[in-house]
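Data block below; observations after.
It should be emphasised that the depicted structure is a prediction, and the values quoted were computed from it without experimental measurement.
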Amino acid sequence: MTRNNPPRSSGRQGRPGRTSGAKPGQVAHPRWSSRPSRPEATDREGNTARSLPPVPGEQRPAERPAERPAAAKGDRRGAQGGGKGAQGAQGAKGAQGSRAAQGEGQKKADRQGRRPGAVRTPKVLRPAKPVLRQPSGDPLVGERYEVEVGPVAHGGHCVARHEGRVLFVRHALPGERVIAQVTDGTTTSRFLRADAVEVLEGAKERIEAPCPFSGPGKCGGCDWQHVTPGGQRKLKGAVLTEQLAKLAGLTPEEARWDGSVEPVGGKLPAGEVPAWRTRMQYAVAEDGSIGLRKHRSHEVQPIDRCLIAADGVTELGIESRDWTGVAAVEAIAASGSSDRQVILRPRPGEQLPLVELDRETSIARIDEQDLFHRVHGRAFVRERAADRTWRVSNGGFWQIHPAAPDTLVDAVLTGLDPQWGESALDLYCGVGLFAGALADRVGEEGAVLGIESGKQAVLDARHNLAALENVRIECDKVETLLPRTGITSTDLIVLDPPRAGAGRDTVAHLCSLEARRIAYVACDPAALARDLAFFREGGYRPVSLRAFDLFPMTHHFECVAILEPAAEQQ
C-alpha cells in the first residue's frame, strides 16, 4: 500500500509549491473526474425532500414523469416563438448550401432548447419560476387544542397529539399540559405546527423568558428562552440521542458519548442571558424599523436589543437607527480584534443610505446579484483563534460563538492526536482553521491538503497559512476534487461539512483512504447520524463523541465525532 501525500505549498499566494509542479488552484496529476452525486439537502428539522410528509397533490421526486428530450423542447419552442426563423427555413428548402450552413448550428440549438444565435440569459438574471402549492382541506390556523406535550424533537419544538394527529409545538416542554394554537396546517395535513399560548401545567425547567421579544408569534431566533440553561442542554442531549438511534442505529454507549452536552463559556448569574452571537443578521420592515424574522415567516419583529448579541454588536447601536431603503443588515464583531463590519442589502431601486454608527466600522453592501462591494474600510475582519490571526473576507463563514473555534480545534486535535510527519486532509476547510492547527502538529515532514468550494474563503485560507510550507489549499467541491487528487491513502481526515452533511458517496471515498482517524465536525445532529451510518458501512466506528452548547437559547449545537477503523477496535 502506498501513500500519495498532498503536494506542498510554498505558502506564497499565487505561486505553485516547490514540489507540486502545479499551477495555483490545480492538483498535480489528476487521475479521474467522476462526479459523485451530491448529498441531499435537509431543512432545519433534518428532513430531506424524500422524507418530508407529502404535500397533497404533489409528486415525489422519484415519481415525477420523465422529461421530454431536449430536442423536443427546442422544436416546440421554435414552433411557438421562432416565426421569423421558421419562415427563413421554409424558404431555404430547395437550397443545399443553406441547409449545410444551418445544419450543425441547428442541431446544437435543438440540443440546448433554443434558437441559433440566441444568447443564454445569465443565471443571476433569470427569473425564478414560482411554485404555487395550494394545500387541500380547510385551514386550521388559529384553532386551539388542549394537549399533553410529549418528547422534544429536532428543530426547537416538542411533539404532542390531538385526536391522533401530530402537533409540533413550540414554546412548550416535555410533560407539560398546554393550550396549543395552530400556526400552520389544514384538516388534511398529516401534522400541524402550533405554539403553546397557555401553560396549564408547567415543567420544573420552565422559567420566565428574559427576552421581551420571545414567545408565541414573536421573534423566531431563539427556541428555548423559557428553559433553564441546564434544561436546554438536556433537551439537546435528548435530540442527539433520538437522531443517533433513528438514523444511525446507535445508542449513546455505542457512539462512545457520555450523553451530556457540554457548556461553553463561564457560568452566568441566574437570569442573565449569554451574549455570544458575534454575527447578527437583522431584517428591516417597510417603515425602516429593524428587527428579526418571526418563526417560519418573512414578517419582521421589531426589537430594540437582542439579548444574545455579543457586546461588540450591541455597541454599534444598529437597533436605534432608521434603515429606510434597506432590506437587511448584517453586523459582525470580530473576536480577538477591534474589527467591526456592517453589510447592507438595499431594497431594489434604493440608494445606499449614509451610515453613521456609534463606533468606527467597515461598511459594505450586497447588490441585487448577491455580489459583495466594499464601501468604507476593510473588506475583511480579523479573528483570533488557535494562536493565529485569521482574515475572514466579505462576510464569510466563521464560528459565531467567540469560544467556538478554540473549543472545536481542541476537540479535533485531542481526538486525532496528530503525529510528526503524518499526512492529513481538511475537507470543507473554510479559511483554514483546522488545516493550520494540523500543520503545526504534523510539522515540516508532514503535509496537509485543504479543500474548500468558496473562492474567497480559499484566498483567505492561502493568506492565513502563507507561512506554512506543508499546507496546500485547493478550490473546488469536495465530492468533485477529492477523487481527482490521486490520493490513495492518508493518516488523518477532518471534515466540517455544511448542514446537509457529507453524504454516502463522499463518506465511502473517505473510508477507502484508510485513515488512522477521522474527525467529523457537525452542526446538525441529523446529518451527523446519517453520515455515521454511512461510515459504519465503510468499516469505521466512533471512538468518541462530544457535543457542545455553542448556541445557547436556540436548538442548535455542535458535535465532534472521532472515528477509527472497526478492525482496530476489536
Using side-chain contact (heavy atoms from CB on, under 4.5 Å), reason through Trp390 and Leu465 one step at a time and then give a plain yes or no. CA-CA 9 Å; Trp390 306 87; Leu465 306 177; 3.9 Å; yes
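- For Arg233, the salt bridge (charged side-chain N to carboxylate O under 4.0 Å, His left out) criterion is met by no residue, not counting sequence neighbours.
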Which donor-acceptor pairs under 3.5 Å do the side chains of residues 402-411 make with protein atoms, sequence neighbours left out?
from   : atom 1 : to     : atom 2 : distance (Å)
Asp406 : OD1    : Ala386 : N      : 2.7
Thr407 : OG1    : Ala403 : O      : 2.7

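- For the pair Arg359 and Glu315, the salt-bridge criterion is met [side-chain N within less than 4.0 Å of a carboxylate O].
- Between Thr389 and Arg382, the side chains place no donor N or O within less than 3.5 Å of an acceptor N or O (distance only, hydrogens not considered).
- Salt bridge status for Arg177 with Glu146: present, with a side-chain N to carboxylate O gap under 4.0 Å.
- Inspection of the Ser335 and Thr278 side chains reveals no N or O donor paired with an N or O acceptor under 3.5 Å.
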Begin from the C-alpha positions of Asp358 and Arg321 and carry the test salt bridge (charged side-chain N to carboxylate O under 4.0 Å, His left out) through to its verdict. CA-CA 10 Å; Asp358 291 349; Arg321 278 160 175 71; 2.7 Å; yes
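- Dense packing is recorded around CG of Asp287, with more than 12 heavy atoms of other residues, nucleotides or ligands lying under 6.0 Å away.
- Considering Asp367, Val326, Asp370 in turn, Asp370 is the only one that fulfils the side chain to side chain contact (heavy atoms under 4.5 Å, CB included) rule with Arg345.
- Looking only at distances, a side-chain donor or acceptor of Trp276 sits under 3.5 Å from a matching main-chain atom of Pro552.
- A donor-acceptor pair shorter than 3.5 Å cannot be found between the side chains of His295 and Asp195.
- Pairs passing the ring pair (Phe, Tyr, Trp, His ring centres under 6.0 Å) check and including a residue from residues 207-227, sequence neighbours excluded, read Trp224-His226.
- No side-chain N or O of Tyr145 forms a donor-acceptor pair with one of Gln181 less than 3.5 Å apart.
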When you look at His154 and Asp524, which way does the side-chain hydrogen bond (donor to acceptor under 3.5 Å, both in side chains) test go after all the steps? CA-CA 9 Å; His154 181 32; Asp524 183 87; 3.1 Å; yes
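- The salt bridge (charged side-chain N to carboxylate O under 4.0 Å, His left out) search around Arg206 returns Glu176, not counting sequence neighbours.
- Under a 3.5 Å cut-off, the side chain of Ser362 and the backbone N or O of Gly377 do not form any donor-acceptor pair.
- Taking 4.5 Å as the limit, some side-chain heavy atom of Val521 sits within range of a side-chain heavy atom of Glu558.
- Between Val149 and Val178, some side-chain heavy-atom pair lies under the 4.5 Å cut-off.
- Checked against salt bridge (charged side-chain N to carboxylate O under 4.0 Å, His left out), Asp460 has the following partners two or more places apart in sequence or in another chain: Arg391.
- Enclosure of atom NZ in Lys294 by more than 12 non-hydrogen atoms of other residues, nucleotides or ligands within 6.0 angstrom is indicated.
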With ring-ring contact (aromatic ring centres under 6.0 Å, His included) as the criterion, how do Phe548 and Phe557 come out once you've worked through the C-alpha distance, each side chain's angles and the decisive distance to 0.1 Å? CA-CA 6 Å; Phe548 302 96; Phe557 56 99; over 10 Å; no
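- Using a distance-only test at 3.5 Å, with no hydrogens or angles considered, no donor-acceptor pair links the side chain of Asp184 to the main chain of Arg193.
- For Gln281, the CD atom is loosely surrounded, since the number of other residues' heavy atoms within 6.0 Å does not exceed 12.
- Looking at Val329 and Ile343, their side chains never come closer than 4.5 Å, going by heavy atoms from C-beta outward.
- With sequence neighbours excluded, the residues satisfying salt bridge (charged side-chain N to carboxylate O under 4.0 Å, His left out) with Glu383 are Arg279.
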